[in-house]
Enquirer: 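Sharing a structure with you now.
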Amino acid sequence: VVVCFVRSHEFARGLVEVQEEVKEEGVGHVAMRNLFSLETSSLETSSMETITVEKKKRAEFRKKQNSDNLTHPPEFIVRPRGQTVWEGKTVKLHCTVSGWPKPRIAWYKNNVVIDEKVHPDKYTAESNYNMHSLEIKSCDFLDTAQYRVSALNIKGESSSVATVVIKNGFCSEHGVTFETAIIDSFEVAFGREGETLSLGCTVIVYPTIKRYQPDVLWYRNGKALAESKWVHTHWSGEKATLTLVHLNKEDEGLYTLRVNTKSGFQSYSAYVFVRDEEVELEGVPVAPLDVRCHDANKDYVVVTWKQPAVEGSSSILGYFIDRCEVGHHHWAQCNDTPVKYARFPVTGLIEGRSYTFRVRAINRAGVSRPSRASDPVTAIDPHDRARHRGQHLIDTPISMGVVPGEPTDLVVTEATKNYVVLAWTPPTQRGHEGVVYLVEKCVAGSECWQRANTGMPVKSPRFALFDLAEGKSYNFRVRCCNSAGMSVASSATGDITVGDVLDLPAAPGPAVATRNTDTSVVVSWGASKDVKHLVGYYISYSVAGSDVWTPANNKPVKGTRFVCHGLNPGDSCVFRVKAVNAAGYSHSSLESEAVVVKAAIAIPGVPSGVHLMEAARDYMVLAWREPAVTGGADIRGYFVDYRTVKGGVGGQWHELNPKAVTCTSYKAENLKENSFYQFQVRAINMAGVSEASLPNVALECKEWTIAKPGAPHGLHVLEVRDSSLVLLWEPPTFDGRTPVNGFYVDIKEAITGEDWKGVHEKATKLKYMKVNGLIAGRSYVFRVRAQNLAGVGKTSGVLGPVLALTMPGTHEIILDVDDDGVISMIFECSEMAEGSEFIWSKNYKTLTDTSRLTIVTEGGKSRAIFNDPSLEDLGIFSCEVTNTVGVSASYTLTEAGESLSHFIPFKTQMAMELLEKGRVRFWTQVEKFTAGCHVDYVFNDVIVENGEKYQMNFDKNSGIIEMFMDSLAVTDEGTFTFNLVDGKAKGSTSLVLIGEEFRELQKKSEFEHAEWIRRQGPHFVDYLGFQVTPECNVLLKIGNIRPETEIRWYKDGMEIEEDDADYKKIEMKDKDAGVYEVKLKDARGKDKSMFNLTEAGTETPLLCSRTTYVTYILCSRTPLVKSTEHGIVLYSLITHHMEELQVGWQHKEAKISHSDRVQCGVTGEQLWLKVNEPTEKDKGKYTINICDGKDGVKRFCDLSGQDRARVVGGLPDVVTIQEGKSLNLTGNVWGDPAPEVTWMKNDRELVSDERYALKFEHGKFASITIAAVTTTDSGKYALLVKNKYGTEAGEFTVSVYIPEEEKKKE
């Protein structure tokens, strides 16, 4: 009974312990522990001994699971692997996870948790002895996904991802071939440490099959990238994106996107550069990179890193290594003295704990920022690590209470001047509780052994010894011990000398740089010789002459060729290379020769758009578009080939022009009429000849007979910006029947479905146009049409697409004024290529006149200097750089803009005039100036001052500048100049007086001076002259006399007695001819004047002839036209008529004969011609010829029927209106040109005022309005119309009456 009770009590106690363990550890752990047990019988039937054995086994299992009695986060020893299977198959994913407490496992599909209980027919999840699996049954295409397994315990969470691809059977063997294209690809990218960078490409897979997705993978330097906290990938089905979070130099490298399909793969690569973050203290080195952990053991790990590219202002003295336990934020420095070797053994770790490490560099200026932290590493025995990973190891039997054996295979794995690392093999017999090691050393040649690890037990078969004397030799040995005792010492290592075993690498071979693109250069070099453990090479560059070196890469590269990107176009750079290994840097290689950063020269692209511009019987004019790619050099010309086409079959190609043509058009001659031809074009530059363009469609050689013009050609763009560009073109070679008088420009976006739109409504006569209103980032195409009088002709070839985008580094023309006031325009180009030139233009015509501008070019800068700024320089100045991708800019000089604010505008240039007393006045007028404007007066480059000879004045109210001289001497011949300075603005105007012009001016000045002296006494202000009056009388006139002045007139020496001495009238008769003289005398003095009024008179020989009368007949009016009831009357009024005058009339240059229907004559001072009952034959030009036998005059009148001014209707004969009413009459008039309209009342002209409102509208309707008429408005009115072909009057009578009631009141 007692025995049964005891057994039952122990059984119950064991059952309670099991239940408590279930609660504490979970069902899974208990099940796994029970599986570890050799017994599988139930607890109800087990005996007391069985329970005791099970408890011992559970304890042993728990001890193996957690030997150090510490908690550990989950860690994947074996990760699940991705698989690709056919539809209908079964997939099983496996993984092994360690950690304590036992992690809980969950499976996810595309981040959605998998519940195998809900889908037992699809999924089966198992967990056996730290090994976990997920089985996917009867796979179909929908099972293609990313599967993630997550392990979680109280110390943290860890996960791993595997991709499962289910093939649906489509492949090339089954008639489906996938074609992959990668578009919108990323280019070479630049980032800075700490930034986030994204790379992306658009992937097109054809044909598109439902539910099929390609395998998209990203690589860096050939190694596949996995998801991490630093790397995120995304695939949307069309766009593949890679995001690099918080960039570090470790992320620099060649990135490759690879798209795998069942028919193959497609890939695209580009380099990503990561620049160093700005240092906090100038001169300190930048952070090291690529920190890794190796050879981890129970209390020891080796940390390695790579040296940075930039050492700072001085060489790196060494490195500090910091460690941090996972889950903490405190960093502890591992070494007190900097180590120069890029490899360091860290000891003193706690077994079972995880650590991360970082490294800092130090030089004389200070300590760098820390590197990126390494991946976590756990301090654990490699033997245990291998067991957790499922590796098959032979376990040695563990005995308890046994003295361990001696360690074996003791070697020195690393030796530097800072430390020595020992490694050995643990003893085979080492006891149950494990062993610790004791390291001993002694100086070579002595037998005095000393403990090396007195303060720190060593559990790992690795140990690093520090504080050894550099250059001395030592022997080392190891013992091991446990609770049972200490082993014998191992064999000694032999003499080991403390010092660096690894030498610095040798300098690489000379660097050779070659051009690549506008921003990159290819650098190659010879590999370092006899180098051990090479880490890679660093390349640096410097702009020639600067001695400032910049790293081209911040992560070492292993090859001997590297493409240096991110250079400035046009810079002249030199390159050098240095190698690096764990020991440090090599010396730099020899510098390369300076190379200019610009695109390498290549063969140009293919011309395009060959089309016909004009055709005749034996020739055809062709045009084409220049290649989009010039190959880095100017296109030197084009070669044109042709072939005949018969029946749709082309013949052999033949060369048309042995010598290249430089324009984009060519006249192909000596062709056969009505034959068909095809043409192709090839471009040539200094690198060679391009491939031939696509041939045009067959064209027939026959003469064009169309009236409209041909198509413009030579379209190209300049000054492409975000919102504008300038389009230029050449006029068509075929004008049509009339010359071209304008152009139209059309535009549309370069996308399908867009319609053409006109840029402007009215035709422009210019051959260029600035197109505004573009949207940045969009592409546009353009075309041009020409017009003549016949209409708008053919459209030009389409130009484009042109991307509206301001390219990086684009410069604009800058207007500059230096301290000397010199005005210039400056244009810079950062993309200069070999042979590039600056071409300056005004209004987009190349400047050939150098008198206005002086062009100075130095390197990538060109300056256009104004020689003499003035309003003549207004216009659009543009500059284009040849052999570049459209580098150009323009600047508009306007009178109202700021452009002219740098020089002073003159309203009038310098002029000269003679004044009284013979004085000379030089003057000019300034248009715009300030109160601080200053003037320098210069004669022959010498500044003259205000004094006796020169008197100056600057009226700042009117802007008039004057300089006076009393007289001109012989020494005054030369150049007179006014120089103006107004702040930075300057202006200058000059007048040159030399040679005959100066001598003539000097004589006039001397004469005026003598005249002034003469006029100081009695004198004639106006010398004796004459005037012919309208009455054909001649007046001899004097003036400026006083009442007391005695005046005597003489003719031919005989005094004339007449009362009126001021005005003597002489009739124009032969007896009046003679020499007239007048003498003046008074108290002031005397003077005389003589005038010859004869045929022999030298001044006016024709004055006495009868031509004088004809001269006044010339003053008669042009013949007028008047309509009568019988016909028309042409008449002309003359001032004086004589019987001797002969008058003749002509019609259409033929003399008019007198008849009953046509009559002419003279009435008083009116010459007239009557035409009764005129007909169509009477239309034409009429001429009146007046002659005195010697000379004569003619007057003309052109009668062209309906073009003569007429009143065609609308006016009554009589208007009767009541007083107080308003009168409004409108007459219809006609005439070409439009007649002049005059309203008359009682033969007096009316003027529009408050009473009379007179209007003439549209050249046809003449109206008169009288508001509130009175009896005074009664009378005879007329509407008189007149143009150059005749005059006509429409007459009517207005009668105003008073009503009867008003009369009675009166």
Side-chain angles (χ1 to χ4, degrees), residues 1028-1033 1067-1069 1102 1105-1208 1229-1233 1235-1236 1238 1240 1243 1245 1276 1278-1291:
V1028 180
T1029 67
E1031 292 79 14
C1032 289
N1033 296 327
E1067 295 185 0
M1068 286 306 299
K1069 297 181 179 180
L1102 298 178
S1105 67
R1106 293 189 179 276
T1107 307
T1108 306
Y1109 295 98
V1110 180
T1111 301
Y1112 269 91
I1113 293 174
L1114 286 172
C1115 297
S1116 64
R1117 301 175 64 183
T1118 301
L1120 304 176
V1121 182
K1122 181 173 66 175
S1123 299
T1124 66
E1125 60 182 352
H1126 301 291
I1128 59 175
V1129 177
L1130 280 73
Y1131 62 94
S1132 178
L1133 300 176
I1134 59 176
T1135 303
H1136 186 76
H1137 181 262
M1138 298 176 62
E1139 296 296 335
E1140 296 87 349
L1141 294 178
Q1142 301 175 5
V1143 179
W1145 291 86
Q1146 293 179 339
H1147 179 225
K1148 297 180 181 179
E1149 305 300 333
K1151 186 176 181 180
I1152 297 177
S1153 301
H1154 190 275
S1155 63
D1156 294 338
R1157 196 174 70 87
V1158 181
Q1159 301 172 1
C1160 62
V1162 179
T1163 302
E1165 295 178 349
Q1166 185 183 85
L1167 307 178
W1168 52 265
L1169 173 69
K1170 294 181 180 179
V1171 181
N1172 297 324
E1173 298 179 0
T1175 63
E1176 290 293 327
K1177 293 182 180 181
D1178 295 320
K1179 293 181 179 181
K1181 182 179 180 182
Y1182 287 83
T1183 306
I1184 179 173
N1185 190 359
I1186 307 172
C1187 180
D1188 65 347
K1190 293 184 179 181
D1191 294 293
V1193 294
K1194 292 184 179 181
R1195 289 291 184 265
F1196 305 95
C1197 182
D1198 192 358
L1199 298 182
S1200 54
Q1202 62 181 4
D1203 295 334
R1204 176 174 58 84
R1206 294 183 295 157
V1207 180
V1208 296
V1229 301
W1230 183 259
D1232 187 12
E1236 298 177 3
T1238 305
M1240 310 291 290
D1243 295 330
E1245 183 177 351
K1276 183 179 180 181
L1279 171 60
L1280 183 65
V1281 294
K1282 169 187 173 185
N1283 66 4
K1284 65 180 182 178
Y1285 299 125
T1287 303
E1288 186 173 304
E1291 298 178 347

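Position 1 is the first residue of the sequence, and the numbers go up from there. Computed from a predicted structure; not experimentally measured.
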Enquirer: How would you list, by chain and number, every residue that makes a salt bridge (Lys or Arg N to Asp or Glu O under 4.0 Å) with Lys1276, sequence neighbours excluded?
Expert: Glu1291

Enquirer: Looking only at non-hydrogen atoms, find the nearest pair between Lys1181 and Glu1149 and report the distance.
Expert: NZ-OE2, 4.3 Å

Enquirer: Taking side chain to side chain contact (heavy atoms under 4.5 Å, CB included) as the definition, give me every residue that meets it alongside Glu1236, ordered by chain and number, with sequence neighbours left out.
Expert: none

Enquirer: So which atom in Ala1289 and which in Leu1280 form the shortest heavy-atom distance, rounded to 0.1 Å?
Expert: CB-CD1, 3.9 Å

Enquirer: Would you give the length of the straight line joining atom CH2 of Trp1145 to atom OG of Ser1132, rounded to the nearest 0.5 angstrom?
Expert: 6.5 Å

Enquirer: Of all heavy-atom pairs between Val1229 and Pro1235, which one has the smallest distance, and what is that distance?
Expert: CG2-CG, 4.3 Å

Enquirer: Look up atom CG in Leu1169 and atom OG1 in Thr1183, then write down how far apart they are to the nearest 0.5 Å.
Expert: 11.0 Å

Enquirer: Going by the rule side chain to side chain contact (heavy atoms under 4.5 Å, CB included), which residues pair with Ser1155 if we only count those two or more places apart in sequence or in a different chain?
Expert: Arg1157, Val1158

Enquirer: Using every non-hydrogen atom in the two residues, find where Lys1151 and Gln1146 come nearest and quote the distance to one decimal.
Expert: CA-CG, 4.2 Å

Enquirer: With a 4.5 Å limit on heavy-atom distance, are the side chains of Ile1186 and Leu1167 in contact?
Expert: yes

Enquirer: Does Gln1159 use its side chain to pair, donor to acceptor, with the backbone of Lys1170 at less than 3.5 Å?
Expert: no

Enquirer: Minimum heavy-atom separation for Val1129 to Trp1168, with atom names?
Expert: CG1-CB, 4.3 Å

